[in-house]
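Bear in mind that the values here come from a model prediction, so they are computed numbers and not experimental data. Labels below follow one simple rule: chain letters A, B, ... track the order of the sequence lines, proteins then strands, and each chain is numbered from 1.
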Amino acid sequence: MLTINLIREKKEFIIERLKVKNFEAEEIINRILALDSSRREIQSKTDLMQAEMNRISKEVGSLMKDGKRDEAEAAKGKTYSLKEDIKSLSDKLIPIDNDLKNEIIRLPNLPHESVAPGHGADDNVKVREGGVMPLLYDSALPHWDLIKKYDIIDFDLGIKLTGAGFPVYLGKGAKLQRALISFFLDEGEKAGYREVMPPIMVNEESGFGTGQLPDKEGQMYHATIDNFYLIPTAEVPVTNIYRDVILNADMLPFKNIAYTPCFRREAGSWGAHVRGLNRLHQFDKVEIVQIAHPDHSYKSLENMVSHVEGLVSKLDLPYRILRLCGGDMSFTSALTYDFEVWSAAQKRWLEVSSVSNFESFQANRLKCRFKEKGDKQTRLVHTLNGSALALPRIVAAILENNQTESGIKIPSVLIPYTGFDMIN
RNA sequence: GGAGAGAUGGCAGAGUGGUCGAAUGCGGCGGUCUCGAAAACCGUUGUUCGCCUUCCGGCGAACCGGGGGUUCGAAUCCCCCUCUCUCCGCCA
């Protein structure tokens, strides 16, 4: 969420910037500013009355000690009406605080200055592309047929065990998953990331910290008996490691990498283009998360983009990098690069990674702050994350792009991990 | 699942109704000493909100797991909730 200070100081600027995300902020901001000023007015008044109250109470105490009972009683008498006034004023403050918080939470993050306006995928800006698109032979198959042909992923079995969108990986299919996870983690470690294996269920506070709650409640699986949520991405537990802390500036940036299964209900989003591995309820992903100094967070973002680019290049997948336009960006992001790989049999680009700088938007929710050495004041950190990488669509692309009449070739960087070079 | 104990500052740990934002120790930071370091000694050390201050900062309020209550006054007393630990049971 945006900070109240920024809203107070840069109202017009915020309204302008949010237009890039096609968000009309003026009305909300006016409400926020009105709530904020009445909040401050009440705060000032109650502070004064409370100070008076404290003064009298101390007086009563010392009078009692001196044995001046009558004077103490007289002083007590002065507090009764004061006490009521404080109570009624501070009761007014509670709904104002709540309303204020609820309004502020509705404002999306400001897009970075480099973000282009736009309404959807067509307005995204292609930054660069790489790799070579394969030319497939005539009888080439989409991945949902390939997985049956080679018996490496079974959707029907998943339906039996759980339901649609929960595939079962078998034999070389399962081994390929494990190989990709290990490859991604090892590459991350080489790039200076610390490996983390977090819980894959989180509590409500964590869900709020990264912005999944309250807005996207319906997108997460909810274990209601214990009120835990299955994570939709490792971003949630890993970023929440830094919830409610004050860090030293010289420790930044923190670079963590985590493999987790991810769970998404994807309520209402099933339809065209979601066959096979394109969209699942449970899938595997390796995520990179950075906690960065605000002065250097865009440097971190560039590093993360290069890291992910290195991964898709090493896997020999044709890819392109897009800078998302305002209309296609998430609520919480300031700048997002999407990575897409070419799926040769589907003849489509598939999104495999989304790398974002959230600036202080998540940090403000998380209360993740830092201090410069010798400095008294705290500042909010910047948080960033990106997939490095999500498995299913990578698998889809590998299967489709690398198919030959005699089987599917495993990218050479993965062979040490799989122990085989062909699926056949 | 059963029984019990507990939750205090970065950590450990005192504090059972009044100058307690909180002793003490450790850690951190600054200094003295030293060629330098260690030790020793001295000083300093939380967060949030509001008001004032062009900076440095000053004043006030709140915060001792969370919420409510009693009281002139609550870390301390009462109620509710959450969480943690120990023992027993079960168990990869």
Side-chain angles (χ1 to χ4, degrees), chain A residues 1-9 32-101 103-105 197 199-209 213 222-229 237 240-252 254 261 291 360 363-381:
Chain A
M1 63 188 178
L2 300 177
T3 63
I4 186 69
N5 283 335
L6 188 75
I7 299 171
R8 264 184 222 147
E9 286 161 21
I32 289 171
L33 291 175
L35 286 165
D36 180 53
S37 77
S38 49
R39 192 196 118 250
R40 286 193 287 166
E41 195 187 322
I42 294 174
Q43 177 84 52
S44 297
K45 280 187 190 163
T46 49
D47 280 2
L48 280 175
M49 288 194 271
Q50 198 58 251
E52 174 69 2
M53 192 74 176
N54 290 345
R55 195 189 59 74
I56 296 174
S57 292
K58 279 185 183 173
E59 197 179 300
V60 172
S62 61
L63 287 171
M64 288 292 213
K65 212 172 268 176
D66 297 346
K68 298 174 181 167
R69 215 155 256 280
D70 295 344
E71 286 177 54
E73 286 302 323
K76 268 195 207 179
K78 288 191 280 187
T79 64
Y80 300 133
S81 67
L82 191 56
K83 200 177 170 184
E84 271 176 39
D85 292 347
I86 292 172
K87 176 90 174 113
S88 70
L89 251 192
S90 54
D91 280 351
K92 278 189 201 163
L93 206 55
I94 296 166
I96 290 176
D97 272 338
N98 285 336
D99 291 351
L100 188 58
K101 196 182 170 196
E103 292 288 352
I104 292 178
I105 281 179
M197 193 176 268
I200 58 173
M201 285 187 164
V202 294
N203 59 28
E204 231 176 314
E205 289 75 30
S206 296
F208 179 83
L213 294 175
H222 189 188
T224 51
I225 293 178
D226 294 298
N227 199 24
F228 295 151
Y229 291 87
N240 271 281
I241 291 172
Y242 302 94
R243 167 154 51 84
D244 213 10
V245 294
I246 300 172
L247 305 162
N248 292 328
D250 55 17
M251 299 165 86
L252 301 171
F254 287 94
I291 307 295
S360 60
N364 194 28
R365 283 182 164 229
L366 290 161
K367 293 200 179 64
C368 179
R369 296 146 295 171
F370 74 98
K371 264 189 203 179
E372 298 289 353
K373 197 171 180 173
D375 223 337
K376 273 206 161 178
Q377 67 169 23
T378 61
R379 293 168 65 193
L380 293 168
V381 300

Pairwise [atom1] distance, [M] and [N] [rounded to whole Å]:
{"N": "rU34(B)", "M": "rA40(B)", "atom1": "C1'", "answer": "12 Å"}
{"N": "rC26(B)", "M": "rG13(B)", "atom1": "C1'", "answer": "11 Å"}
{"N": "rG69(B)", "M": "rG9(B)", "atom1": "C1'", "answer": "27 Å"}
{"N": "rA23(B)", "M": "rG15(B)", "atom1": "P", "answer": "14 Å"}
{"N": "rC29(B)", "M": "rC64(B)", "atom1": "P", "answer": "29 Å"}
{"N": "rA38(B)", "M": "rC33(B)", "atom1": "C1'", "answer": "12 Å"}

Using a cut-off of strictly less than 4.0 Å between a heavy atom of the residue and any atom of RNA chain B, enumerate the qualifying residues of residues 35-51 of chain A by number.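 The stretch gives Arg39(A), Arg40(A), Gln43(A), Ser44(A), Asp47(A), Gln50(A), Ala51(A) as the residues lying under 4.0 Å from the strand, ordered by number.
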Encode nucleotides 67-75 of chain B as B, S and - characters from 5' to 3', where the letter depends on protein heavy atoms closer than 4.0 Å: B to the base, S only to sugar-phosphate, - to neither. --S-BBS--
Just wondering, more than 12 heavy atoms not from Lys78(A) lying within 6.0 Å of its NZ?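 It does: Lys78(A) NZ has more than 12 such atoms within range.
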Tell me whether the count of non-hydrogen atoms from other residues, nucleotides or ligands lying under 6.0 Å of CG in Asn5(A) goes above 12.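 Enclosed.
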Could you work out, with side chain to side chain contact (heavy atoms under 4.5 Å, CB included) as the rule, every residue matching Arg55(A), not counting sequence neighbours?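 Partners of Arg55(A) by the side chain to side chain contact (heavy atoms under 4.5 Å, CB included) criterion, ordered by chain and then number, come out as Glu52(A), Glu59(A).
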rC72(B) - base-pair partner by Watson-Crick or wobble geometry, distances under 3.5 Å: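 Answer to the pairing question: rG18(B), which forms a Watson-Crick or G-U pair with rC72(B).
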For rG9(B), give the paired nucleotide (Watson-Crick: N1-N3 plus N6-O4 or O6-N4; G-U: N1-O2 and O6-N3; both under 3.5 Å), or none.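 For rG9(B), the partner nucleotide comes out as none, under the 3.5 Å rule.
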For rA62(B), does either OP1 or OP2 sit under 4.0 Å from a side-chain N or O belonging to Asn54(A)?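 It does, given that an N or O in the side chain of Asn54(A) lies less than 4.0 Å from OP1 or OP2 of rA62(B).
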For rG50(B), take OP1 and OP2 only and decide whether either is under 4.0 Å from a side-chain N or O of Arg8(A).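 Yes, such a contact exists.
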Examine the side chains of Asn203(A) and Ser206(A) and answer whether a donor and an acceptor come within less than 3.5 Å of each other.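 Checked: Asn203(A)/Ser206(A) side chains pair up, N/O donor to acceptor below 3.5 Å.
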What are the two closest heavy atoms between Leu35(A) and Glu103(A), and how far apart are they?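 Of all heavy-atom pairs spanning Leu35(A) and Glu103(A), the closest is CD1-CG, 4.2 Å.
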